[in-house]
Amino acid sequence: MAKTTTKTASKTTRGKKAVVHKNFINGKWVASTTGETFENRNPADNRQVVGVFQKSSDRDVNTAVDAAHEAYKSWRLMPAPKRAEILYKVGERLIQYKEQFASDMTREMGKVLAETRGDVQEAIDMSYYMAGEGRRQFGNTTPSEMRNKFQMSVRQPMGVCGMITPWNFPMAIPSWKIMPALVLGNTVVIKPATDTPLSVVNFVNTLHECGIPPGVVNMVTGSGRAVGEPIINHPSVKLVSFTGSTEVGRSVSSLCGPSFKHVCLEMGGKNAQIVMDDANLSLALEGALWGGFGTTGQRCTATSRVIIHKKVYDKFVTEFVKMAKKLKVGDGLDPKVDVGPTISESQLRTVEQYVTIGKNEDGATLLCGGHRLTKGDLQHGFFHEPTVFGDVSPKMRIAQEEIFGPVVSLIPVKSFDEAIEVCNNVAYGLSASIYTQDVNRAFTAMRDVYTGIFYINAPTIGAEVHLPFGGTKATGNGHREAGQAALDVFSEWKSVYVDFSGALQRAQIDD
Ligand code: UN1
């Protein structure tokens, strides 16, 4: 079992002591200078305190950034294959801790155990993938125009990287950012989402146990205003990597603008699954159910729209509603449960508001769900029925805006061309998919759908770590996480020219 980071007993919740977790700065677990803490409660049962965390301030951030700045001096000089050995160990260690970390994660953010295991697995995958990059990080060598001149491009690290991470993939997404940053020689200050600091504590503690030197990875918990903004504004932070809402991403971007700080943003989505008249319908139904209600619809990649050819629309709708009604909602620790709670009261309210908006949209029909669940123990959590709207037209708000909850809009279309147009006609561009047996349609859709991720005969969720992750339009600012693309975020190119002719050779002028 992983050693817990701190042992101070705090509040008593149903007879159990809640652990107080500290910040991780310069290789040590330290309390915030504010002396204040906040509670992290289980969204499946709000009476349970999962842990107590530091309510930090800019003073803690400054100490963490200073530590990261200092540690950078030696970490950048450690050979990349040696840095990678630590990352490899992290992957090995996470395998040992997988069950514990998955159940911690279910308790802190609600998704079912199969999914939290998947989240930890994604961090394992990323650890191994980036460990491999310790022996790659290839640049180019290319012939010179001149005699006796050699040239190449090499990656160079940037320094301290600030990271602000979300609650829906509380270990996977931090790993997408931390692992490439580290293998390239950068150091890190991370602020986890206030709803899910425990998963980042678990991850950072594992890095620590595997030998990451003091100061290389630092974690400061607290709010966006008190911790996130000081990270973004600190002059020693060279890059900010943010995953969260488009609204917050916009302000992160504008804070970084004046100093030209690098900023990598992963934001909202309004992902669509297209179902053509020739689709394998049972496969398409299963895909839409998983994509729409997996993680309680709280993935940036969630299938919140299904665009269905009118020839199969009625059949699809009947079956889909039957399937959605059968989903069991409850505590994600219960193996019989399919759909966990939403993350918080305020997220649940947002879902309820969108249900009201949907009901009031002229022409849309609420086909199932639509209510908060309050029976028995569910009253203590933030549960909402899987909800389906039919006859949704593309311009409606429930077809345009990100809801981030268990709500799926079914949109009938008359043709393949219309399906593509509807799919593209939203502000976001993260993920999309098509179900068809026709190879020509599949390839045409692959070419014409303008998103960062595209699936054929699979739902809109399920990206793997060795391909780029991210989206177009309001989803991102042109960067991608994961895969080789992540190396471009966390390093800068240096082109190196070595003239061994012993003479001045003037480029573009001398022969
Ligand atoms: C997210 O949607 O917020 O592709 C991240 C997926 C997961 C990661 C999702 N591997 O669905």
I'd like to know if Lys82 and Glu85 make a salt bridge, using a cut-off of under 4.0 Å between side-chain N and carboxylate O.
yes
Crowded around Lys55 NZ? As in, over 12 foreign heavy atoms under 6.0 Å?
no
Exactly one of Cys161, Ser491, Pro157 clears side-chain contact (heavy atoms from CB on, under 4.5 Å) with Leu239, and that residue is Cys161
Assess, by modelled atom type and distance only, whether the side chains of Asn202 and Asp104 contain a donor and an acceptor separated by less than 3.5 Å.
yes
Checking the side chain of Asn271 only, and the main-chain atoms of Ala302 only, is there a donor and an acceptor separated by less than 3.5 Å?
yes
In sequence, state the C-alpha distance, the side-chain angles, and the governing distance for Phe469 and Leu430, and then conclude on side-chain contact (heavy atoms from CB on, under 4.5 Å).
CA-CA 9 Å; Phe469 183 97; Leu430 182 52; 4.3 Å; yes
Does Glu402 use its side chain to pair, donor to acceptor, with the backbone of Gly269 at less than 3.5 Å?
yes
Tell me, do Phe101 and Met171 make a side-chain contact under 4.5 Å, heavy atoms counted?
yes
Using 0.5 Å steps for rounding, measure from the CD atom of Glu266 to the OG1 atom of Thr246.
10.5 Å
Gly249 and Met267 have their tightest heavy-atom pair at CA-SD, 3.6 Å
Would you mind reporting whether Pro43 and Thr342 have side-chain heavy atoms less than 4.5 Å apart?
no
Show your working on side-chain contact (heavy atoms from CB on, under 4.5 Å) between Lys22 and Thr37 and close with a plain yes or no.
CA-CA 9 Å; Lys22 295 182 177 173; Thr37 55; over 6 Å; no
Tyr129 and Gln484 side chains, donor-acceptor separation under 3.5 Å:
yes
Nearest 0.5 Å please: distance from the CD1 atom of Ile190 over to the CE atom of Met219.
8.5 Å
Check whether any side-chain N or O of Tyr455 sits under 3.5 Å from a backbone N or O of Ala463 as a donor-acceptor pair, and report yes or no.
yes
Spatial distance of atom OG1 (Thr116) from atom CG (Leu333) [nearest 0.5 Å]:
8.0 Å
Between Glu247 and Arg250, does any side-chain N to carboxylate O distance fall below 4.0 Å?
no
Can Thr460 and Gln273 be counted as having a side-chain donor-acceptor contact under 3.5 angstrom?
no
Using the rule given for side-chain contact (heavy atoms from CB on, under 4.5 Å), can you reason through His234 versus Asp66, listing the C-alpha separation, both sets of side-chain angles and the distance that settles it, and then say yes or no?
CA-CA 10 Å; His234 198 296; Asp66 288 348; 4.1 Å; yes
Do Phe404 and Trp167 have ring centres separated by under 6.0 Å?
yes
Please determine whether a side-chain nitrogen of the Lys or Arg among Glu99 and Arg117 lies less than 4.0 Å from a carboxylate oxygen of the Asp or Glu.
yes
Side-chain donor-acceptor contact under 3.5 Å, Lys494 with Gln156
yes
Please report the shortest heavy-atom distance between Thr221 and Gln54, naming the atom on each side.
OG1-O, 2.7 Å
Sub-4.5 Å side-chain heavy-atom contact between Ser433 and Ile456
no
Within the side chain of Asp195, is there an N or O that forms a donor-acceptor pair under 3.5 Å with the backbone of Ser344?
no
Report yes or no: is the cationic atom of Lys177 (NZ for Lys, CZ for Arg) closer than 6.0 Å to the six-membered ring centre of Phe242, at no more than 45° off its axis?
no
Using only heavy-atom distances, determine whether the side chains of Ser431 and Thr451 contain a donor-acceptor pair under 3.5 Å.
no
Side-chain donor/acceptor of Thr350 to backbone N/O of Ser346, under 3.5 Å:
yes
Correct closest heavy-atom pair for Met78 and Pro213 would be CE-CG, 4.5 Å
N/O donor-acceptor pair under 3.5 Å between Trp75 side chain and Gly159 backbone:
no
Taking Asp334 for the side chain and Asp331 for the main chain, is one N or O donor matched with an acceptor at less than 3.5 Å?
no
Shortest non-hydrogen separation from Gly287 to Tyr435 and the atoms involved:
CA-OH, 3.4 Å
Side chains of Met105 and Pro170: closer than 4.5 Å at any heavy-atom pair?
yes
Determine whether His262 and Lys238 make a side-chain contact, defined as any pair of heavy atoms from C-beta on separated by less than 4.5 Å.
no
Is a side-chain N or O of Lys261 found less than 3.5 angstrom from the main chain of Ile232, in a donor-acceptor match?
yes
Look at the side chain of Asp45 and the backbone N and O of Gly381, then say whether any donor-acceptor pair between them is shorter than 3.5 Å.
no
Any chance you could lay out the salt bridge (charged side-chain N to carboxylate O under 4.0 Å, His left out) test for Glu385 and Arg372, step after step, and finish with the verdict?
CA-CA 6 Å; Glu385 289 176 315; Arg372 179 183 187 142; over 6 Å; no
Any side-chain donor-acceptor pair under 3.5 Å between Asn23 and Ser32?
no
Shortest non-hydrogen contact between Asn40 and Pro197, atoms and distance:
ND2-CD, 3.7 Å
Quick one: does NZ or CZ of Arg299 land under 6.0 Å from the six-membered ring centre of Trp290, within 45 degrees of the ring axis?
yes
Test salt bridge (charged side-chain N to carboxylate O under 4.0 Å, His left out) on Arg136 and Glu133; report intermediate values, then the result.
CA-CA 5 Å; Arg136 283 191 290 266; Glu133 286 310 311; 2.8 Å; yes
Please find the pair of heavy atoms, one from Cys210 and one from Arg93, that lie closest to each other, and give the distance.
SG-CB, 3.8 Å
In Å and rounded to the nearest 0.5 Å, what is the CG to SG distance from Asn168 to Cys300?
5.0 Å
Do Val339 and Phe383 come within less than 4.5 Å of each other through their side chains, counting heavy atoms only?
no
Starting at OH of Tyr128, measure out to CG of Leu94 and round the result to the nearest 0.5 Å.
8.5 Å
Atom OG1 of Thr187 and atom NE2 of His69: how far apart are they, to the nearest 0.5 Å?
9.0 Å
Quick one: does any side-chain atom of Arg41 pair with a main-chain N or O of Glu108 as donor and acceptor, under 3.5 Å?
no
Within a strict 4.5 Å, meaning less than it, do heavy atoms of the Phe490 and Cys264 side chains meet?
no
So, Asp119 and Lys111, do they make that salt bridge, N to O below 4.0 Å?
yes
Plane angle bin for His21 and Phe53 - parallel if under 30°, tilted between 30 and 60°, otherwise perpendicular
parallel
One pair to check against side-chain contact (heavy atoms from CB on, under 4.5 Å): Thr387 and Val407. What are the steps and the verdict?
CA-CA 5 Å; Thr387 299; Val407 183; 4.2 Å; yes
Can we say Asp488 and Arg155 salt-bridge, meaning some charged N sits less than 4.0 Å from an Asp/Glu carboxylate O?
yes
Report, as yes or no, whether the 6.0 Å neighbourhood of atom CD on Glu492 holds more than 12 heavy atoms from other residues, nucleotides or ligands.
yes
Is the closest side-chain heavy-atom distance between Leu327 and Leu289 below 4.5 Å?
yes
